[in-house]
Amino acid sequence: MTSSPAVRAYAERTVEVRPTTARIDHQALAHNLGRVLAHVGPQCRVLAVVKADAYGHGAIEAASTFAAHGAWGLAVSLVEEGVELREGGIHVPVVVLGGVVPGSQDVIVHRQLTPVVWSREHLQMLAGSVRRAGARPLPVHLKIDTGMSRLGVLPGDLGPMLDWFCSDAGLSLRLEGVMTHFACADDADDDLSSARQLSVFADCLGTIAARGLRPSLRHASNSAALVRFPSARYDMVRPGIALYGAASGPEVQLSDLRLAMEVGSRVLAVRDLPAGARISYGGRHQLNRDARVAVVPVGYADGYPRSMSGQAQMLVRGHRCCVLGNITMDVCMLDVTDLPDVRAGERVILMGRQGSETLDVHTLASWASVIPYEIMCGISKRVPRHRC
Ligand SMILES: *Cc1c(COP(=O)(O)O)cnc(C)c1O
């Protein structure tokens with residue numbers, strides 16, 4: 001079926017008029033990277049973590065900003081995410097944290113991604129691919145599991161991997177980096193387990209050096225660790241959440257960061273409802289006074305968690321207004337009784353600042369009983385990102 005020009009024009013306009021949007025502040029991204037660079041000093045590089053679409057901020061755009069403002073390279077979780085960056089014209093090193101899934105080795109070599117490796121199978125797959133392609137030696141980063149018990153080679157199993165690197169002699173793979181990851185870096189009460197991990201890592205670095213291998217990039221610290229453990233900075237740090245202006249907790253937050261994402265919408269309709277009316281699914285919220293209720297086109301399908309129902313607030317004209325009743329898939333209801341003349345089209349801030357009020361990602365996370373990462377990554381594809 002062919003649609004008339006008028007219908008097509010309308011359809012295009014409706015795509016553009018979705019009132020619920022996320023504004024991504026690239027000056028804030030650059031500023032936060034600058035804060036990390038200044039904090040760790042000129043000897044230490046920064047691997048900017050842009051996995052999960054740069055924590056919801058848009059991978060290619062965020063990656064370009066970080067690359068242009070002094071990041072040594074970028075880290076993603078998946079090969080697919082690395083390919084997306086390459087297709088987007090990103091040429092700096094891209095480290096794939098999630099390892100080498102069988103079948104991905106040719107793509108890794110072809111796209112010149114830098115895989116994290118922790119088994120001899122990884123090495124054999126990659127080396128085979130490098131040889132078949134007649135490619136230059138591929139840089140890889142060896143991950144050691146020093147106590148997180150997630151990814152990495154256990155220290156006791158390091159020997160056979162080092163044997164492999166020694167016999168390859170850098171012909172197919174180049175051991176560029178060695179890394180580990182802390183389990184409790186964001187727990188301000190924990191020093192012991194992180195100190196133990198650091199000492200295991202130091203032992204492993206000693207073992208590697210004793211075999212004559214000279215990886216130039218040793219790295220261990222995420223955003224929290226780069227604040228808490230100066231001795232764990234080594235040659236490079238791997239911040240994610242700090243670059244987006246947040247932290248896993250107030251004790252581990254770098255000072256003077258700026259939140260880079262603002263989520264806003266516009267009032268879809270205003271309703272005058274009588275005392276006693278029940279609001280939304282389940283009817284759990286009953287009005288105890290005559291009220292004006294603004295309907296806002298935001299719901300859990302946009303990543304505004306339903307579990308915040310009963311606690312969430314939004315900003316209208318710089319005032320906090322309560323979300324009434326259950327948050328639904330597409331819509332929620334806001335009490336604007338105390339704000340005269342709120343009309344359809346009025347701007348609403350879900351996350352960000354308006355006037356002197358701020359609702360930051362940590363506040364939303366506490367309402368939803370999740371960590372700030374989940375709020376950031378959860379803002380769905382249905383919410384257009386606008387660069388500002
Ligand atoms: C996600 C991730 C990071 C970044 O963590 P933040 O807490 O966001 O700074 C660093 N290293 C690894 C291995 C990761 O998976």
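Both ligands and their constituent atoms are indexed starting at 1 by order of listing.
The side-chain heavy atoms of N326 and R306, taken from C-beta on, include a pair separated by under 4.5 Å.
The main-chain N or O of S77 is found under 3.5 Å from a side-chain atom of E81 such that the two form a donor-acceptor pair. Side-chain atoms of R387 never come within 3.5 Å of backbone atoms of R385 as a donor-acceptor pair (strictly under, hydrogens ignored).
Each of the following atoms of ligand 1 lies closer than 4.0 Å to a heavy atom of I241: 6 (P), 8 (O), 9 (O). Against a heavy-atom cut-off of under 4.0 Å, Y55 is close to the following atoms of ligand 1: 1 (C), 4 (C), 5 (O), 6 (P), 8 (O).
Contacts between R238 and ligand 1 below 4.0 angstrom, taking non-hydrogen atoms only, involve backbone and side chain alike. When non-hydrogen atoms are compared, ligand 1 lies under 4.0 Å from the backbone of P239 (N, CA, C, O) but not from its side chain. Counting heavy atoms closer than 4.0 Å to ligand 1, residue R150 contributes side-chain atoms (C-beta onward) but none from N, CA, C or O.
In terms of protein heavy-atom proximity, atom 9 (O) of ligand 1 is closest to S223 OG, 2.5 Å. Here the protein heavy atom with the shortest distance to atom 7 (O) of ligand 1 is Y373 OH, 2.6 Å. Among protein heavy atoms, atom 15 (O) of ligand 1 sits closest to K51 NZ, 2.7 Å. Atom 12 (C) of ligand 1 has as its closest protein heavy atom H181 CE1, 3.4 Å.
If you look at H31 and H69, their ring centroids are not closer than 6.0 Å.
The pair D106-R132 counts as a salt bridge, with a side-chain nitrogen and a carboxylate oxygen less than 4.0 angstrom apart. Using a cut-off of 4.0 Å between Lys/Arg side-chain N and Asp/Glu carboxylate O, R289 and D335 are scored as salt-bridged.
Counting heavy atoms of neighbouring residues, nucleotides and ligands inside a 6.0 Å radius, atom CZ of R317 exceeds 12 of them. Heavy atoms from other residues, nucleotides or ligands lying under 6.0 Å from CZ of R111 number more than 12.
In terms of polar-atom proximity, K143 is not counted as a contact of ligand 1, lacking any N or O under 3.5 Å from an N or O of the ligand. In terms of N/O distances under 3.5 Å, ligand 1 is not approached by A242.
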